Amino acid sequence: MKCPFCSFEESKVIDSRPTDEGERIRRRRECISCGKRFTTYEIIESVPIMVVKRDKSRQPFDRDKLFSGIMRACEKRPVSVSVVERAVDEIEAEIQNSLDREVTSVKIGELVMDKLKDIDEVAYVRFASVYRSFKDINTFMNEVKKLLIEDKN
């Protein structure tokens, strides 16, 4: 860290403590060259994740949109809000932990379907019918058959 007094590029940390409910860290430093003390603050840099839609347009990732889509699929089903929140947390964590700053809407849809398959099969089929744009009853039935085959295994 560059000293604001003499511009020397090395300093030692004398004290560190969290501030703003752990969102930032305040560090007291001492310049190795001139001995003067100064304070720095360290924060987590959040890089927004962009969602690449099917039409190649891009928009920022929206957790609320993900939550409402899953809630819509789970409507009138015995699925608690806390279960949906946990699923959203897990999906968001998986997206954040990938090193890519862009994720396709297709990838997000697949992650949602994987979670819904474990949470509630009816909600899964509802989401899949909208997400995959089922054209007719045969497409719908094929998805249900796949679900039944996976349950047997």
Side-chain angles (χ1 to χ4, degrees), residues 1-4 7 9-11 13 15-29 38-153:
M1 181 63 59
K2 190 184 239 184
C3 174
S7 297
E9 294 198 12
E10 288 186 45
S11 62
V13 175
D15 181 44
S16 288
R17 61 181 68 164
T19 61
D20 300 333
E21 291 141 21
E23 295 294 318
R24 300 185 331 169
I25 296 177
R26 177 185 181 271
R27 298 197 194 278
R28 279 299 285 162
R29 296 177 177 270
F38 57 99
T39 302
T40 60
Y41 292 90
E42 184 177 304
I43 61 169
I44 295 175
E45 180 181 29
S46 62
V47 179
I49 293 182
M50 299 302 287
V51 177
V52 181
K53 310 282 279 183
R54 288 183 180 175
D55 66 358
K56 304 295 183 219
S57 66
R58 287 168 169 71
Q59 65 183 54
F61 174 78
D62 186 351
R63 177 189 169 84
D64 294 334
K65 195 171 179 182
L66 178 63
F67 179 81
S68 65
I70 295 174
M71 283 300 292
R72 213 171 308 119
C74 294
E75 201 169 287
K76 297 183 182 177
R77 299 295 305 154
V79 178
S80 69
V81 173
S82 63
V83 169
V84 173
E85 285 176 343
R86 192 174 329 112
V88 170
D89 288 344
E90 290 170 3
I91 292 167
E92 185 177 24
E94 191 166 334
I95 292 168
Q96 291 282 353
N97 290 337
S98 74
L99 298 177
D100 298 327
R101 294 295 101 200
E102 290 187 338
V103 63
T104 64
S105 59
V106 172
K107 174 69 174 166
I108 294 172
E110 295 297 327
L111 291 170
V112 169
M113 288 198 307
D114 286 345
K115 292 291 177 198
L116 283 176
K117 198 179 292 185
D118 296 332
I119 294 171
D120 186 274
E121 291 176 341
V122 173
Y124 165 79
V125 172
R126 283 181 181 169
F127 187 86
S129 69
V130 173
Y131 173 71
R132 292 209 171 123
S133 305
F134 292 161
K135 302 286 186 254
D136 55 27
I137 193 71
N138 291 328
T139 315
F140 182 83
M141 288 304 294
N142 289 338
E143 193 66 33
V144 172
K145 285 176 187 174
K146 278 197 277 182
L147 197 57
L148 290 171
I149 289 169
E150 287 178 13
D151 276 352
K152 288 180 184 177
N153 295 335

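Since the structure is predicted, the reported quantities are computational estimates derived from the model, not experimental observations.
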Compare all side-chain heavy atoms of Met50 with those of Pro60 and state whether any distance is below 4.5 angstrom.
-> yes
What is the distance from atom CG of Asp120 to atom NZ of Lys115, rounded to the nearest 0.5 Å?
-> 15.0 Å
Do other residues, nucleotides or ligands put more than 12 heavy atoms under 6.0 Å from the CZ atom of Arg17?
-> no
For Lys2 and Ser7, the nearest pair of non-hydrogen atoms, with its separation, is CG-O, 3.6 Å
Does any non-hydrogen side-chain atom of Ile95 lie less than 4.5 Å from one of Leu111?
-> yes
Nearest heavy-atom pair of Phe67 and Val88: which atoms, and what distance?
-> CA-CG2, 3.8 Å
Please examine the side chains of Glu90 and Glu94, heavy atoms only from C-beta on, and report whether any two atoms are closer than 4.5 Å.
-> no
Atom CD of Glu10 with >12 non-hydrogen neighbours under 6.0 angstrom | no
Taking all non-hydrogen atoms of both residues into account, name the closest pair between Phe127 and Gly69 and its distance.
-> CD1-O, 4.3 Å
Smallest heavy-atom separation, Phe61 atom then Val51 atom, equals CA-CG2, 3.7 Å
Roughly how far apart are Glu85 CD and Ser80 OG, rounded to 0.5 Å?
-> 8.5 Å
Less than 4.5 Å apart, any side-chain heavy atom of Ile119 and any of Ile70?
-> no
Interatomic distance, Leu66 atom CG to Ile108 atom CD1 [nearest 0.5 angstrom] | 7.0 Å
Check the side chains of Asp100 and Ser98 for a donor-acceptor pair under 3.5 angstrom, ignoring hydrogens and angles.
-> no
Quick one: closest heavy-atom pair of Arg28 and Phe38, and the distance?
-> NH1-C, 3.3 Å
In Å and rounded to the nearest 0.5 Å, what is the OG1 to CD distance from Thr19 to Glu42?
-> 10.5 Å
For the atom pair CZ (Arg126) and CG (Leu116), what is the distance rounded to the nearest 0.5 Å?
-> 10.5 Å
Starting at CD of Glu92, measure out to CG of Asp62 and round the result to the nearest 0.5 Å.
-> 10.0 Å
Check the surroundings of atom NZ in Lys107: do more than 12 heavy atoms from other residues, nucleotides or ligands lie under 6.0 Å from it?
-> no
Specify the closest pair of heavy atoms between Lys65 and Lys53, including all atoms of both residues, with the distance to one decimal.
-> NZ-NZ, 3.8 Å
